Amino acid sequence: MAQLVQFDQLGGPEVLTVRDVEVVAPGAGEVRIRVDAIGLNRAEIMYRSGVYFDQPVFPSTAGYEAAGVIDAVGQGVDGLATGDPVAVVPAFLQSRYGTYGTHVIVPASAVVPRPAHLDPTRAAAVWMAYITAYGPLIESGKVRPGDHVLITAASSSVGLAAIQLANHIGAIPIATTRGADKKQRLLDAGAAHVIVTADEDLPARVGEITGGEGVRLAFDPIAGPGVETLAQGIAAGGFLVVYGALDQRLTPLPNAQSYPALNSSTYTLFEITMNPERLRRAVAFVNAGLASGSLTPVIDRTFDLTEIAEAHRYMEANGQVGKIVVTVTHDDATA
């Protein structure tokens, strides 16, 4: 038997249940992974609550990231074998696959080798965060050494990954946080500057930091009316990239009557993970950073799989700095 986290209705963390299920064989193009660790993401809370773009099909599981060992390979899968230590990249819909379990089936296209120097806990914390940051900073935004990058909600795993990526390429990360309690932790994490938005005028501070030039890129998961404030701190020809919707209010489009000319867009990591060539480049870039030590996943706290509901409550409280990871303990019943 295996264990799988499922839910039968939309709702809060209490709808999540750990159930015993049969271990099933992977289909064509799929692999089965014996999971050791699971990375949690805000998208899974939104999915469980019914406010994600992808809607659950009940009974539903959830989860985009995991690390473990392949224990079965489906037909037509090349380059992966039983016993391979791997990690799961978010490259599928949660309504079709999920990683919340002791043994899970995922598309082979969503699996990458686990770097030898990373334990499962850290390996489960890599791909959502770093690929989400990689797309705008490295590919579309073309951030260069010496450019300023404004990173909002910077204490999230994606925010910390963006800080590390900016430093990795010689850019200057400016982090924002609502309260002063996380300021020093963000500075310790590599932010060159931290703006406490509850106490400081963001456009004015950005102007001071950049000598009036503005930032090359503003990288924002919040959306809503606040993007107009962000736009005031972006340099002419710079980029405003919205990659989330933490603020459910309508998001206005900054216009040329109010701001210097800028490029405004939305972004999801699926633009990269669903494209084999772009994914290959992203994985190579991130693996190089992991190998050099300039990219290091930040783990805030771990929970056991049996504590999955509590792990979701902890994420919803917004107190974390870094990644929340759920670990999986295997015994004779689930091994």
Side-chain angles (χ1 to χ4, degrees), residues 39 41-43 65 89-90 122 125-178 182-183 185-195 197 202 206 209-210 214-223 226-227 230 233-235 238-246 263-273 281-283 285-290 292-300 318 320-324:
N41 297 286
R42 188 72 54 178
E65 291 184 284
V89 173
R122 295 196 181 278
V126 170
W127 297 109
M128 175 69 84
Y130 287 108
I131 292 181
T132 299
Y134 165 88
L137 270 70
I138 307 304
E139 285 204 350
S140 58
K142 297 180 175 63
V143 175
R144 301 164 298 235
D147 286 343
H148 290 86
V149 178
L150 182 65
I151 302 163
T152 67
S155 60
S156 69
S157 58
V158 175
L160 294 175
I163 289 172
Q164 292 181 12
L165 278 174
N167 284 322
H168 180 61
I169 62 176
I172 304 168
I174 305 171
T176 78
T177 182
R178 283 183 293 181
K182 294 181 180 180
K183 180 174 181 177
R185 294 186 69 179
L186 289 170
L187 290 169
D188 293 343
H193 307 273
V194 177
I195 300 173
T197 56
L202 188 144
V206 168
I209 293 167
T210 66
V215 299
R216 166 73 175 178
L217 173 77
F219 185 54
D220 176 57
I222 301 171
V227 298
L230 299 181
I234 299 175
F239 294 82
L240 167 63
V241 179
V242 177
Y243 69 94
L246 297 179
N263 303 281
S264 180
S265 67
T266 58
Y267 165 77
T268 76
L269 88 166
F270 297 116
E271 298 171 33
I272 291 175
T273 61
R281 292 198 301 266
V283 169
F285 184 93
V286 173
N287 274 335
L290 292 170
S292 72
S294 61
L295 304 183
T296 303
V298 177
I299 309 300
D300 177 89
N318 296 318
Q320 77 272 16
V321 176
K323 193 81 168 182
I324 300 167

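Predicted, not measured: the structure shown is a model, and the values here were computed from it.
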Residues that Ala192 engages under side chain to side chain contact (heavy atoms under 4.5 Å, CB included), provided they are two or more places apart: Ile172, Pro173
Can you sort out the partners of Thr152 under side chain to side chain donor-acceptor pair (under 3.5 Å), two or more places apart, ordered by chain and number? Asp220
Taken in chain and number order and not counting sequence neighbours, the residues that satisfy side chain to side chain contact (heavy atoms under 4.5 Å, CB included) with Leu290 are Pro115, His117, Leu118, Val126, Val286, Asn287, Leu295, Pro297
Taking only residues two or more places apart in sequence, or in another chain, which ones meet Arg185 in a side chain to side chain donor-acceptor pair (under 3.5 Å)? none
Taken to the nearest 0.5 Å, the spacing of Ile131 CD1 from Phe270 CZ works out to 10.5 Å
Are any side-chain N or O atoms of Asn263 and backbone N or O atoms of Gly238, one a donor and one an acceptor, separated by less than 3.5 Å? yes
Side-chain heavy atoms of Leu150 within contact of Leu202, under 4.5 Å: yes
Show which side-chain atoms of residues 153-163 pair as donor or acceptor with protein atoms under 3.5 Å away, not counting sequence neighbours.
{"unit_1": "Ser155", "atom_1": "OG", "unit_2": "Lys182", "atom_2": "NZ", "d": "3.2"}
{"unit_1": "Ser156", "atom_1": "OG", "unit_2": "Ala153", "atom_2": "O", "d": "3.1"}
{"unit_1": "Ser156", "atom_1": "OG", "unit_2": "Gly159", "atom_2": "N", "d": "2.9"}

Nearest heavy-atom approach of Phe219 to Ala133 is CZ-CA, 3.7 Å
Which pairs, with at least one residue in residues 150-175 and sequence neighbours excluded, count as a salt bridge (Lys or Arg N to Asp or Glu O under 4.0 Å)? none
Taken in chain and number order and not counting sequence neighbours, the residues that satisfy side chain to side chain contact (heavy atoms under 4.5 Å, CB included) with Glu139 are Tyr134, Ile272, Arg278, Arg281
Would you please name every residue forming a side chain to side chain donor-acceptor pair (under 3.5 Å) with Ser294, sequence neighbours left out? His168, Ser292
Residues in side chain to side chain donor-acceptor pair (under 3.5 Å) with Asn167, at least two apart? none
Would you mind listing every salt bridge (Lys or Arg N to Asp or Glu O under 4.0 Å) that reaches into residues 158-176, with sequence neighbours excluded? none
Do the non-hydrogen side-chain atoms of Pro90 and Trp127 ever get within less than 4.5 Å of each other? yes
Partner set under salt bridge (charged side-chain N to carboxylate O under 4.0 Å, His left out) for Asp147, not counting sequence neighbours: Arg144
Could you work out, with side chain to side chain contact (heavy atoms under 4.5 Å, CB included) as the rule, every residue matching Ala245, not counting sequence neighbours? Gln248
